[in-house]
Structure formats: C-alpha cells, structure tokens
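A, B, ... follow the sequence lines: proteins, then strands. Residue 1 opens every chain. FYI, side chains are in, hydrogens and waters are out, and symmetry mates aren't considered; it's all heavy atoms of this structure.
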Amino acid sequence: MLRIQLQRMPELPEVEVTRRILESEIREKQVAEVSVNHPRVVRRQKHPTDFSDRLQERTVQSLRRHGKFLIIELDAGLNWVTHLGMSGRIQMVDNDQPEETHTRTVVRFVGGRELRFVDPRTFGFMTVWTEAELASSTLNRLGPDALTDLPSVREFVGYLRGRTALIKPLLLNQSVVAGVGNIYADESLHLCRVSPLRPGGSLAADEVNRLRIAIRTTLIAAIQQGGTSLEDLAYLLPDGKTGDFLDRLRVYGREGQGCCHCGFAIRRTVIRSRSSFWCPGCQA
DNA sequence: ACCTCCCTGGCC
DNA sequence: GGCCAGGGAGGT
C-alpha cells in the first residue's frame with residue numbers, strides 16, 4: 001500500500017465522478033428539507049438564510065461542472081454551486097443513516113434520500129445563486145475546462161508565450177485551464193516529461209502538445225478509476241466507495257521511490273509553497 | 001505576479 | 001502542544 005501523508009484535494013476527476021453519480025440520483029428530484037450545520041460553509045451567500053430559503057421545494061434539472069465547481073441547475077433560475085475545497089465530499093444516503101462528524105449541510109429530497117456535504121476543514125462551500133449572481137461570480141473568471149474544453153496547442157502556446165512564471169503554478173492557475181490541481185498537475189507533467197520548474201514561456205510547441213495530451217490522458221484515466229482516494233479516505237464517492245487511481249499515481253507522494261519510466265529517485269520540491277513531485281531523470 | 005489567510009486532523 | 005498541508009479569495 002502506497003504511503004501518502006499528504007492530504008488529497010478534490011480536483012476535476014473527483015468532482016466529475018461525484019457529478020455523474022449525483023446525476024443518476026437527484027435529477028428531477030424535489031428538495032424537501034434543508035439544514036445548515038456550519039454557517040461558514042454558506043459564507044458566499046449574500047444573506048446566510050438564502051441557502052435554505054432558496055433550496056426549499058426546488059427541483060433539480062441538470063448537473064454540470066466547470067473545473068472543480070459543481071453546478072446543480074434548479075428550476076426558478078437558481079444554481080446550486082458546490083466547491084469541495086481541500087477536504088470536502090458529497091454523500092448520498094438514506095435519511096435514517098447516522099450523520100458523520102463534519103457534516104456541514106444536509107439536503108433531503110422528497111422520498112427520503114439525503115445529499116450531505118462533509119467537509120472537515122470547511123475550505124469548501126455551497127451556495128445557491130441566481131443567474132445574475134452566478135454570472136458575476138468568480139466562476140466566470142475560470143479558464144476553459146480541462147476535460148471538455150482543453151485549449152488547442154496553438155491557444156496554449158499563445159497563452160504561455162513570454163510567461164516567466166513556472167509551468168507548475170501556471171497549471172494550478174484556474175484562469176488558465178480550470179480543474180487541474182496539485183496531484184494531476186504533477187502527474188501530467190511527469191507523463192509528458194516536462195519539469196515543473198520550467199518557465200511557462202520556455203516550453204516548445206512540441207512540449208505543449210505533449211502536455212495537453214498528458215493532461216487529458218491523466219484526467220480521463222483518473223475518472224475511469226473513480227478519482228483518487230488517499231489513505232486518509234477524505235475523498236470517497238457519494239456512494240461511499242473509494243476512488244482507485246492511487247495505485248496509478250506515477251510521482252505524487254512517491255518521494256525517494258524509483259521513477260516508473262527511468263528509475264531515478266523521485267524528488268519533492270516546494271514550488272510556491274506547494275509540494276511538487278517530479279523525476280529529475282526524465283523531466284529534464 | 002506575488003503574499004497572507006482561512007481551517008482541522010494527524011503527525012512529530 | 002505545535003506544526004503542517006493547500007485551493008481560492010482578497011489584497012498589494
């Protein structure tokens with residue numbers, strides 16, 4: 001069993017897997033009751049009571065995702081937006097199940113199923129926004145979605161041209177491409193053999209091409225495995241199952257282990273106060 | 001383009 | 001008992 005002391009943060013694959021499971025559970029369902037156990041989780045609501053008030057009796061129409069944001073579209077032009085933050089996850093359970101610690105909000109649907117937001121660190125949030133509020137929110141500053149709308153090589157090269165910032169922090173910048181976080185940035189960079197320490201503008205077109213393919217390949221593979229649950233099991237699927245991409249991680253959390261591609265010892269380097277795992281052998 | 005802050009379980 | 005992880009917001 002791979003030993004990882006870092007905590008995982010939900011990224012695009014985890015949100016996408018969550019979205020797919022929820023879609024089969026709550027589409028067309030009507031909200032019966034809402035409770036907010038921790039006010040901080042609804043902090044992005046203009047008035048704290050808006051969350052409960054606006055969700056009352058609403059019906060779920062469709063579920064979409066942009067980057068790491070889950071957007072549940074309701075009737076009456078309302079949008080139930082969730083960000084899982086560092087430690088959040090969504091559970092779907094019957095309402096007679098005991099409530100876990102750190103359950104921050106509970107939304108019960110007609111029929112008795114409950115959607116519960118569990119988030120120990122409360123970096124995540126839930127909010128119900130009108131179309132106008134959504135349009136003026138930070139969501140419209142997100143770059144194109146890394147899975148469904150990855151920029152072309154030409155666009156990517158154009159964006160990176162002249163950039164002195166390192167490629168790793170650029171990948172984490174959600175206004176460049178939305179959805180990639182610390183784990184999948186490291187995994188993508190390793191797959192395309194580009195060092196996280198390279199200035200963004202120094203990448204040749206051929207490397208940018210490999211990078212965008214690597215991002216796509218990594219995200220799709222992670223989604224197929226149900227995302228990544230680390231040892232702390234902070235991230236689980238809404239049905240309680242684990243995401244099994246952990247064993248497929250090539251560099252993340254593997255400091256000192258041999259690279260699967262060239263055998264060099266994987267290094268951990270702190271870049272802009274975030275851990276980066278990379279192989280000095282093949283990521284020159 | 002950079003810094004600080006938020007928060008808490010788990011580790012030393 | 002203190003430190004650490006880190007996405008995103010807000011500030012400079």
Side-chain angles (χ1 to χ4, degrees), chain A residues 1-16 18 36-46 65-71 81-90 100-105 117-127 129 133-134 136-143 145-146 159-188 196-202 219 227-236 246 249 251-255 268-277:
Chain A
M1 181 65 178
L2 173 57
R3 175 127 184 90
I4 292 192
Q5 284 162 19
L6 305 161
Q7 274 125 18
R8 69 147 269 294
M9 42 285 155
E11 303 178 26
L12 186 152
E14 288 74 26
V15 179
E16 177 61 16
T18 298
V36 175
N37 300 341
H38 195 309
R40 181 176 145 81
V41 168
V42 296
R43 65 193 175 279
R44 295 189 62 179
Q45 209 77 70
K46 196 180 286 174
R65 181 193 53 72
H66 190 166
K68 305 174 196 172
F69 290 81
L70 174 69
I71 303 136
V81 178
T82 300
H83 194 291
L84 299 176
M86 275 290 298
S87 58
R89 74 189 144 95
I90 286 174
E100 261 183 56
T101 22
H102 311 305
T103 300
R104 305 311 191 184
T105 59
F117 182 48
V118 181
D119 184 12
R121 290 181 198 184
T122 68
F123 275 44
F125 68 87
M126 274 191 170
T127 193
W129 277 333
E133 287 169 338
L134 181 66
S136 64
S137 76
T138 53
L139 269 80
N140 71 7
R141 272 167 261 162
L142 292 175
D145 185 78
Y159 189 82
L160 294 176
R161 181 169 296 131
R163 293 268 182 160
T164 55
L166 306 182
I167 188 64
K168 171 69 186 283
L170 282 173
L171 284 180
L172 298 182
N173 183 340
Q174 302 297 298
S175 67
V176 179
V177 166
V180 178
N182 209 27
I183 296 179
Y184 299 115
D186 282 358
E187 293 300 306
S188 301
L197 297 161
R198 292 271 302 279
S202 77
L219 295 177
T228 306
S229 297
L230 299 190
E231 262 190 356
D232 63 357
L233 298 184
Y235 165 75
L236 297 169
L246 181 66
L249 295 179
V251 286
Y252 191 81
R254 294 188 180 271
E255 183 179 14
R268 174 177 172 272
T269 303
V270 175
I271 304 175
R272 297 262 326 261
S273 77
R274 258 89 186 156
S275 294
S276 284
F277 296 91

Gap between atoms [atom1] and [atom2], on [X] and [N] respectively (whole Å):
{"X": "A/Arg40", "N": "B/dC6", "atom1": "CZ", "atom2": "C1'", "result": "5 Å"}
{"X": "A/Leu170", "N": "B/dA1", "atom1": "CG", "atom2": "C1'", "result": "10 Å"}
{"X": "A/Asp119", "N": "C/dA5", "atom1": "CG", "atom2": "P", "result": "19 Å"}
{"X": "A/Ile271", "N": "B/dC3", "atom1": "CD1", "atom2": "P", "result": "14 Å"}
{"X": "A/Lys68", "N": "C/dG6", "atom1": "NZ", "atom2": "P", "result": "12 Å"}
{"X": "A/Met86", "N": "B/dG9", "atom1": "CE", "atom2": "P", "result": "13 Å"}
{"X": "A/Asn140", "N": "C/dG8", "atom1": "CG", "atom2": "P", "result": "15 Å"}
{"X": "A/Phe277", "N": "C/dG6", "atom1": "CZ", "atom2": "C1'", "result": "12 Å"}

Does C/dG6 have A/Phe123 stacked on its base, where the ring centres are within less than 5.5 Å and the planes differ by under 30°?
yes
Which residues pass the salt bridge (Lys or Arg N to Asp or Glu O under 4.0 Å) test with A/Lys168, not counting sequence neighbours?
A/Asp186
Those residues at least two apart in sequence (or on a different chain) that pass salt bridge (Lys or Arg N to Asp or Glu O under 4.0 Å) with A/Arg198 are A/Glu207
Under 4.0 Å, counting only non-hydrogen atoms across every strand here, what does A/Arg163 touch: a base, just sugar-phosphate, or nothing?
sugar-phosphate
Please list all pairs meeting salt bridge (Lys or Arg N to Asp or Glu O under 4.0 Å) that have one or both residues in residues 175-185 of chain A, counting only residues at least two apart or in different chains.
none
Under 3.5 Å, which protein N or O atoms sit close to an N or O of nucleotides 10-12 of chain C? Give each pair with its distance.
none

With a cut-off of less than 4.0 Å, is there a side-chain N or O of [X] near OP1 or OP2 of [N]?
{"X": "A/Tyr252", "N": "C/dG6", "answer": "yes"}
{"X": "A/Ser275", "N": "C/dG6", "answer": "yes"}
{"X": "A/Arg272", "N": "C/dG6", "answer": "no"}
{"X": "A/Arg121", "N": "C/dG6", "answer": "no"}
{"X": "A/His102", "N": "B/dT8", "answer": "no"}

How sharply is the helix from B/dA1-C/dT12 to B/dC12-C/dG1 bent, taking the axes over five pairs at either end and rounding to 10 degrees?
40°
Find every protein N or O atom lying less than 3.5 Å from an N or O atom of nucleotides 1-4 of chain C, and list the pairs.
none

Among C/dG6, B/dC6, C/dA9, which is the nearest nucleotide to the side chain of A/Phe69?
C/dA9
Given C/dG8, B/dC3, B/dC6, which nucleotide is nearest the side-chain atoms of A/Gln174?
C/dG8
Within this structure, what is the CD-OH distance for the pair A/Glu187 and A/Tyr252, rounded to the nearest 0.5 Å?
9.5 Å
Rounded to the nearest 0.5 Å, how far apart are CD of A/Glu11 and CG of A/Leu172?
8.0 Å
Residues in side chain to side chain donor-acceptor pair (under 3.5 Å) with [X], at least two apart?
{"X": "A/Asp145", "value": "A/Arg65, A/Thr148"}
{"X": "A/Arg40", "value": "A/Thr122"}
{"X": "A/Ser136", "value": "none"}
{"X": "A/Arg44", "value": "A/Thr138"}

Validation row: A/Phe117, A/His38 side chains within 4.5 angstrom (heavy atoms):
no
Sorted by chain and residue number, the side-chain contact (heavy atoms from CB on, under 4.5 Å) partners of A/Gln174 (sequence neighbours excluded) come out as A/Lys68, A/Leu142, A/Ala178
List in chain and number order the residues that pass ring pair (Phe, Tyr, Trp, His ring centres under 6.0 Å) with A/Phe69, two or more places apart in sequence or in another chain; answer none if no residue qualifies.
A/His83
